[in-house]
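Comments concern the structure below.
Numbers here simply count residues along the sequence, with the first being 1.
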Amino acid sequence: MKLYSKREWRAFAAEVIKLHREQCSHCLSSRKDGVILQVHHIHYIDGRKPWEYSYEECTVLCKGCHAKEHGIIMPTDGWRFIGKDDLGDLCGQCDNCDTKLRYTHLITHPNWDSMEVGIDCCDHLTKTTEASDLHRYYINRLNRRKIFVNSSRLIRFKDGANSINHKDIFLMIKRTEEGKFRISLNNVNGKKDYETFLDAQIKAFDFIEDGSASAYLNDRQRKIRARRQPDGAAAACEFLIRPRRTIHHSIHR
């Protein structure tokens, strides 16, 4: 640390601060605001003295932002949202404000430990609306699922089967001989049985809603066409390469 008290460093730091208009490059506060400005090295090179860096390799930060950059105090920006989890009950706690949580959101920072926070803290720290947008979509999907399982469009048959058209897919749920329930999509029978009718409804709804059902059915049709193509292609090739019979015409003179 003695290097930072040398005359060369003080002169170099003064030049860098002057180039930055005597402002913090993060919060834009200046000495007029009463903050202490410090020079921060963007990277360090072994053996190089603090004043032996180019201006481009340095920036200016106030004392508070400098501490956040080095992980001394928790940073208030630069956080990245990773994902969310539904705990099912208010059994979680926000690592930032200690609020009880059901929905936790994982955020990370290169200079700080990962944290699980609530929706508001996630949006505030990441400077985005990712958490609130995702939560809004999640709740909206749950509501659509509730409407789906009680839909008046559901047709019930005497044999216990139930059918409905959802997003251009014909869904049928049939009761098996064992008393379980099996899903059929566009007359393609599934292989898994579900314990209850509701379980089958939920699985079918999620499978259709996220696009997996359409992708599966389209891929199945593509494979069927591919299997049929070789026979037709072979017949066409046989026709093209079949040797032609030469017809000799006699010439009468």
Side-chain angles (χ1 to χ4, degrees), residues 1-139 210:
M1 295 299 294
K2 292 182 179 179
L3 290 173
Y4 290 95
S5 62
K6 289 187 173 292
R7 174 175 55 81
E8 292 90 343
W9 166 249
R10 291 198 301 271
F12 177 76
E15 292 172 358
V16 175
I17 291 172
K18 183 181 293 185
L19 284 170
H20 281 77
R21 296 184 177 182
E22 299 188 348
Q23 283 184 319
C24 173
S25 59
H26 281 189
C27 67
L28 301 181
S29 57
S30 66
R31 284 173 172 166
K32 294 179 182 178
D33 302 312
V35 301
I36 297 175
L37 296 178
Q38 298 174 332
V39 173
H40 169 68
H41 294 89
I42 297 173
H43 58 260
Y44 293 94
I45 299 175
D46 290 340
R48 186 182 292 185
K49 294 181 176 61
W51 56 86
E52 293 177 341
Y53 289 79
S54 66
Y55 296 137
E56 292 81 5
E57 294 174 300
C58 300
T59 188
V60 174
L61 302 172
C62 67
K63 190 174 182 180
C65 290
H66 202 185
K68 294 175 186 176
E69 189 69 26
H70 285 284
I72 299 172
I73 62 175
M74 192 189 87
T76 55
D77 58 10
W79 290 91
R80 188 164 66 93
F81 173 53
I82 301 301
K84 65 166 291 184
D85 190 19
D86 181 358
L87 303 179
D89 199 358
L90 289 174
C91 55
Q93 188 171 1
C94 178
D95 291 335
N96 185 50
C97 68
D98 296 331
T99 301
K100 292 290 184 182
L101 299 175
R102 170 177 170 174
Y103 303 100
T104 61
H105 299 74
L106 179 66
I107 57 176
T108 62
H109 195 283
N111 299 323
W112 202 258
D113 291 336
S114 298
M115 297 197 301
E116 290 186 339
V117 298
I119 297 170
D120 293 338
C121 287
C122 184
D123 283 352
H124 175 71
L125 290 171
T126 60
K127 302 294 189 294
T128 70
T129 59
E130 285 184 278
S132 54
D133 290 344
L134 182 62
H135 185 69
R136 193 178 303 110
Y137 170 80
Y138 177 75
I139 296 300
D210 63 15

Ser132 versus Asp123, side-chain donor and acceptor atoms under 3.5 Å:
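Indeed, the side chains of Asp123 and Ser132 share at least one donor-acceptor pair under 3.5 Å.
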Is any side-chain heavy atom of [X] closer than 4.5 Å to a side-chain heavy atom of [Y]?
X	Y	value
Val39	His20	no
Arg80	Thr126	no
Trp79	Cys122	no
Leu37	Leu61	no
Glu8	Lys49	no
Phe81	Leu125	no

Option passing ring-ring contact (aromatic ring centres under 6.0 Å, His included) with His41 (candidates Tyr55, Trp51, Trp9)
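Option passing the ring-ring contact (aromatic ring centres under 6.0 Å, His included) with His41: Trp9.
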Just how far is it from atom [atom1] of [X] to atom [atom2] of [Y], taken to the nearest 0.5 Å?
X	Y	atom1	atom2	result
Cys62	His40	SG	NE2	12.5 Å
Ser30	Ile17	OG	CD1	12.0 Å
Glu69	Ile42	CD	CD1	9.0 Å
Ile119	Leu134	CD1	CG	9.0 Å

Could you list the donor-acceptor pairs under 3.5 angstrom formed between side-chain atoms of residues 21-29 and any protein atom two or more places apart in sequence or on another chain?
from	atom 1	to	atom 2	distance (Å)
Ser25	OG	Thr59	OG1	2.9
Ser25	OG	Val60	O	2.9

Under the side-chain hydrogen bond (donor to acceptor under 3.5 Å, both in side chains) rule, collect the residues that match up with Asp210, sequence neighbours excluded.
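Scan of Asp210 (side-chain hydrogen bond (donor to acceptor under 3.5 Å, both in side chains), adjacent residues dropped) gives Ser212.
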Might you point out which heavy atoms bring Gly118 and Cys94 nearest each other, and give the distance in Å?
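Residues Gly118 and Cys94, closest heavy atoms: N-SG, 3.7 Å.
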Carboxylate-amine/guanidinium contact Arg48 Glu57, below 4.0 Å:
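Glu57 and Arg48: salt-bridged.
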Carefully, step by step, assess Phe12 and Glu52 under the rule side-chain contact (heavy atoms from CB on, under 4.5 Å).
CA-CA 9 Å; Phe12 177 76; Glu52 293 177 341; over 6 Å; no
Would you say CG of Asn96 has more than 12 non-hydrogen atoms from neighbouring residues, nucleotides or ligands within 6.0 angstrom?
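Buried by this count: over 12 neighbours within 6.0 Å.
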Can you confirm whether more than 12 heavy atoms, excluding those of Ile36, are under 6.0 Å from its CD1 atom?
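Counting neighbours around CD1 of Ile36, 12 or fewer heavy atoms of other residues, nucleotides or ligands fall under 6.0 Å, so no.
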Pick from His124, Lys127, Lys68: which one makes a side-chain contact (heavy atoms from CB on, under 4.5 Å) with Asp77?
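Considering His124, Lys127, Lys68, a side-chain contact (heavy atoms from CB on, under 4.5 Å) with Asp77 is found only for Lys127.
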Result block: side-chain N/O donor-acceptor pairs under 3.5 angstrom for residues 99-108, not counting sequence neighbours:
from	atom 1	to	atom 2	distance (Å)
Arg102	NE	Asp86	OD1	2.7
Arg102	NH2	Asp86	OD2	3.1
His105	ND1	Val117	O	3.4

